[in-house]
Amino acid sequence: QARQRPLTLSLRYASSKPHSKVLTTETMHPLVRQMEYAVRGALPIRAEALQKELLTDKTKGFDKVVFCNIGNPQQLNQKPITFFRQVASLAENPELLTPSNREALLKLYPADAIARAEVLLKHIGSVGAYSHSKGIHHIRENVAKFIERRDGFPAEPENIFLTQGASSGVQTVIQILTQNSKSGFMIPIPQYPLYSATLSLVGATPVPYYLEESHNWGLNVDELKEAVHKARADGTDVRALVIINPGNPTGQCLSEENMREIIDFCHNERLVLLADEVYQTNIYKPKAAPSTASKRFSNPWAKKLFSFHSISKGMIGECGRRGGYLECVNIDPKVMDQLYKIASVSLCPNVQGQIMVDLMTNPPKQGDESFEKYQGEIDSIYQSLIRRSNKLAQCFNSMENMTCNEAEGAMYLFPQLKIPQKAVDAAKEKSMAPDTFYCMAMLEATGVCVIPGSGFGQEPGTWHFRSTFLPEEHLFDKFCADLKGFHKKFMDTYKD
Ligand SMILES: Cc1ncc(COP(=O)(O)O)c(CN[C@@H]2CONC2=O)c1O
């Protein structure tokens, strides 16, 4: 009997025209409509359209779009870490691991990759199966051991949630911390707009604190105190402090002294600390041990802390696999149960992303067969990031009307530019912010897509943009030359 076509509600059938008034931007949830996320806003949308136009239009003066709007290393041809992909591919195709294939397999895979895949599959079963909603316990044990090695304090697997990238961990924590619209979250300005967008989505109140551009985007604790007291005087129930370290978009690293001050500030002001440390291995000018080293600096039990990590950054760049973890420190067990309940609604984080978290926190060690190759790949990417960050900072600082703090970490530079009044007027004509106008002109002239500073927040009256330093190193000199050429033409065109 012929297999019946599945009868699904999506089945297309003749019917009258859909009602135009059903689900419009007027009738949808206003919190969704008002939310903004610049990293994938107007500039990247235009950049993607430009990419399509370039397929047929060869008159633009460039032949490809360079996406510097997002910290997406493998989109710009950064190679994945060999050992990680070897383990992931074996987990994806366990047939390869059967004893009858072993002789042939050892010609293709190192023994330690095979062994790691077998251990993982022993705990996972199949990568196609749902896992525990907090993530696979074996992997959470490895994450806890990683944190203990890094911070010198015990960590508990039960206090760790594996997540769909750090984003989902951040969003869940903000969700449970938001009691009502008065709930306030201190966020840095400039900030990575995951925070402002999520606060907007849950209807919470952002409480901005400004980083000091003249002090290499340093964090002044007096600014924190002023911001929290003012917000509380205005009736905001300030309950959390967001720290992004190393910073995005600013690339600054906190000093040890800063970390101590922040810990004491949170304790004294009864704030939960959200420590976003996804760039903890992207530190080029070390000022302090990365990440929740804050736990080392004072009584580790004195504070309530959520820390976030991700496989998207570092020298790994496995962004598309959506892996990360959320660590809860001193969080009430009943609150953890609520976190677990939310995690359960999404069933589980994807298993290949979880495998990458295991590999990130538990990579080949000295003496392992794959260690040399692994360490060589990591070091090569790390050194290249340092060279490219310095080269791009020099490039920006050589441009007229532009100043740029060097990146101490992360993947971005956030130069400030003085925009001539004629350009400000031209931007107004197009109902654009001046920095957006500049970035749009750069895209149309060079194919380079960056994000205007307005997407991250900036001191009123200043203009910035954010660029990654991820274009491939062998293309980097041309990349810088194209930016310089555009900038000179722009400034000549709009010179006051
Ligand atoms: C500070 C910070 N936290 C969290 C995330 C979320 O990462 P995952 O969800 O992928 O783990 C990012 C991603 N950085 C974005 C993405 O690329 N460019 C950016 O500014 C980030 O920069």
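Order of appearance sets the numbers: ligands from 1, and atoms from 1 within every ligand. Note that the structure is a prediction, hence the values are computed from the model and not measured. Computed from heavy atoms alone, side chains included, the values below leave out hydrogens, waters and symmetry copies.
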Would E269 and K225 pass as an ion pair if we require N to O under 4.0 Å? no
Mind checking what residues have non-hydrogen atoms under 4.0 angstrom from ligand 1? I70, G71, G165, A166, S167, Y192, I244, N248, D276, V278, Y279, S310, S312, K313, R322, Y412, R466
Exactly one candidate in E459, M402, Q458 meets side chain to side chain contact (heavy atoms under 4.5 Å, CB included) with H464; the answer is Q458
Under 3.5 Å, is there a donor-acceptor pair between the side chain of N362 and the main chain of D358? no
Salt bridge K304-D332, side-chain N to carboxylate O under 4.0 Å: no
Between C480 and L392, which heavy-atom pair has the shortest distance, and what is it? SG-CD1, 4.1 Å
Are Q394 and K391 linked by a side-chain donor-acceptor pair shorter than 3.5 Å? no
